[in-house]
Amino acid sequence: MVVRLRLSRFGCKNKPFYRVMAADSRSPRDGKHLEVLGYYNPLPGQDGGKRMGLNFDRVKYWLSVGAQPSDPVQRILFRAGVLPPPPMLAMERKGGPRDTRPVDPLSGKYTNPKKPADAAAPSETTETDENDSSSA
């Protein structure tokens, strides 16, 4: 029996609310589960943030005995600081050129590496040194 940590949907139409559950991988999404580990509300609250609550001790227990988190639960556990960041692929679609820009794991947006002004100065000096040595 493979145990998965996954979301089970509650709430009404257009107002989703999820519970984080440990369940057998063969059971349906909203079906039989082994244990409720927390909740996740994707709708922003009054403070503008998404709300979630987890029982960290039980989550760590299930991960230690080999439970596999689903992709959404893996992202939730990363934001809570329980798991390392999941591998983010910039280009998952078929076809098209691959994008090699780095991706921020929290927001999923591309990050632009800042180049310091000091890095440009040594490259200019190395070119002049090469020119001096080749002319001599």
Side-chain angles (χ1 to χ4, degrees):
M1 172 172 92
V2 178
V3 176
R4 299 232 7 148
L5 303 181
R6 63 181 180 201
L7 298 176
S8 181
R9 184 181 163 129
F10 288 85
C12 42
K13 186 177 179 183
N14 296 328
K15 294 183 189 262
F17 179 84
Y18 297 96
R19 287 187 184 160
V20 180
M21 301 206 173
D24 183 11
S25 63
R26 297 171 290 182
S27 64
R29 178 190 73 181
D30 298 334
K32 186 177 176 184
H33 61 276
L34 301 172
E35 184 176 358
V36 177
L37 303 173
Y39 67 90
Y40 170 66
N41 189 353
L43 299 177
Q46 293 179 356
D47 59 350
K50 298 176 181 178
R51 294 168 290 194
M52 66 177 159
L54 293 171
N55 186 347
F56 293 110
D57 295 334
R58 296 305 295 168
V59 169
K60 288 179 183 177
Y61 165 76
W62 282 109
L63 291 173
S64 70
V65 295
Q68 300 171 352
S70 64
D71 291 337
V73 172
Q74 190 173 12
R75 286 192 300 268
I76 290 171
L77 294 177
F78 164 64
R79 288 188 181 138
V82 177
L83 288 179
M88 299 280 296
L89 300 176
M91 187 73 181
E92 291 186 0
R93 293 181 232 113
K94 292 183 179 179
R98 293 185 181 248
D99 198 347
T100 58
R101 293 181 289 178
V103 177
D104 180 31
L106 285 176
S107 64
K109 296 181 181 179
Y110 296 113
T111 58
N112 296 328
K114 306 289 183 187
K115 294 184 180 179
D118 299 337
S123 63
E124 294 172 0
T125 57
T126 55
E127 291 174 7
T128 56
D129 293 341
E130 292 172 0
N131 292 339
D132 293 340
S133 63
S134 61
S135 62

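The first residue of the sequence shown is numbered 1, and numbering continues consecutively from there. Keep in mind that this is a model prediction, so the values were computed, not measured.
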Let me see the working for I76 and L7 under side chain to side chain contact (heavy atoms under 4.5 Å, CB included), right down to the final yes or no. CA-CA 10 Å; I76 290 171; L7 298 176; 4.1 Å; yes
Please find the pair of heavy atoms, one from [X] and one from [Y], that lie closest to each other, and give the distance.
{"X": "R51", "Y": "L43", "answer": "NH2-O, 3.9 Å"}
{"X": "V36", "Y": "M21", "answer": "CG2-CE, 4.0 Å"}
{"X": "P16", "Y": "P42", "answer": "O-CD, 3.7 Å"}
{"X": "E35", "Y": "W62", "answer": "OE1-NE1, 2.8 Å"}
{"X": "V3", "Y": "A22", "answer": "CG1-CB, 4.2 Å"}

In Å and rounded to the nearest 0.5 Å, what is the CG to NZ distance from L83 to K60?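 Going from the CG atom of L83 to the NZ atom of K60 covers 10.0 Å.
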Supply the atom-to-atom distance N55 CG to Y39 OH, rounded to the nearest 0.5 angstrom.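 Rounded to the nearest 0.5 Å, the CG-OH separation comes to 12.0 Å.
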Side chain to side chain contact (heavy atoms under 4.5 Å, CB included), that's the test. Do R4 and S70 meet it? Break it down for me. CA-CA 7 Å; R4 299 232 7 148; S70 64; 3.7 Å; yes
Cation-aromatic face contact R75/F78, 6.0 Å, 45 degrees: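 Not flagged: R75 not positioned over aromatic ring of F78.
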Spell out, yes or no, whether Y18 and F10 are grouped together once hydrophobic residues are joined by side-chain heavy atoms under 4.5 Å, including indirect joins.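 Not linked; separate clusters.
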Assigning hydrophobic clusters by single linkage (Ile, Leu, Val, Met, Phe, Trp, Tyr; side-chain heavy-atom cutoff under 4.5 Å), is V65 placed with L77?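 The answer is yes; both residues are in one hydrophobic cluster.
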Run L63 and V82 through side chain to side chain contact (heavy atoms under 4.5 Å, CB included) and show every step you take. CA-CA 10 Å; L63 291 173; V82 177; 4.1 Å; yes
Would a 4.5 Å heavy-atom cut-off, applied to side chains only, mark L34 and D24 as touching?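 A side-chain contact under 4.5 Å is absent here.
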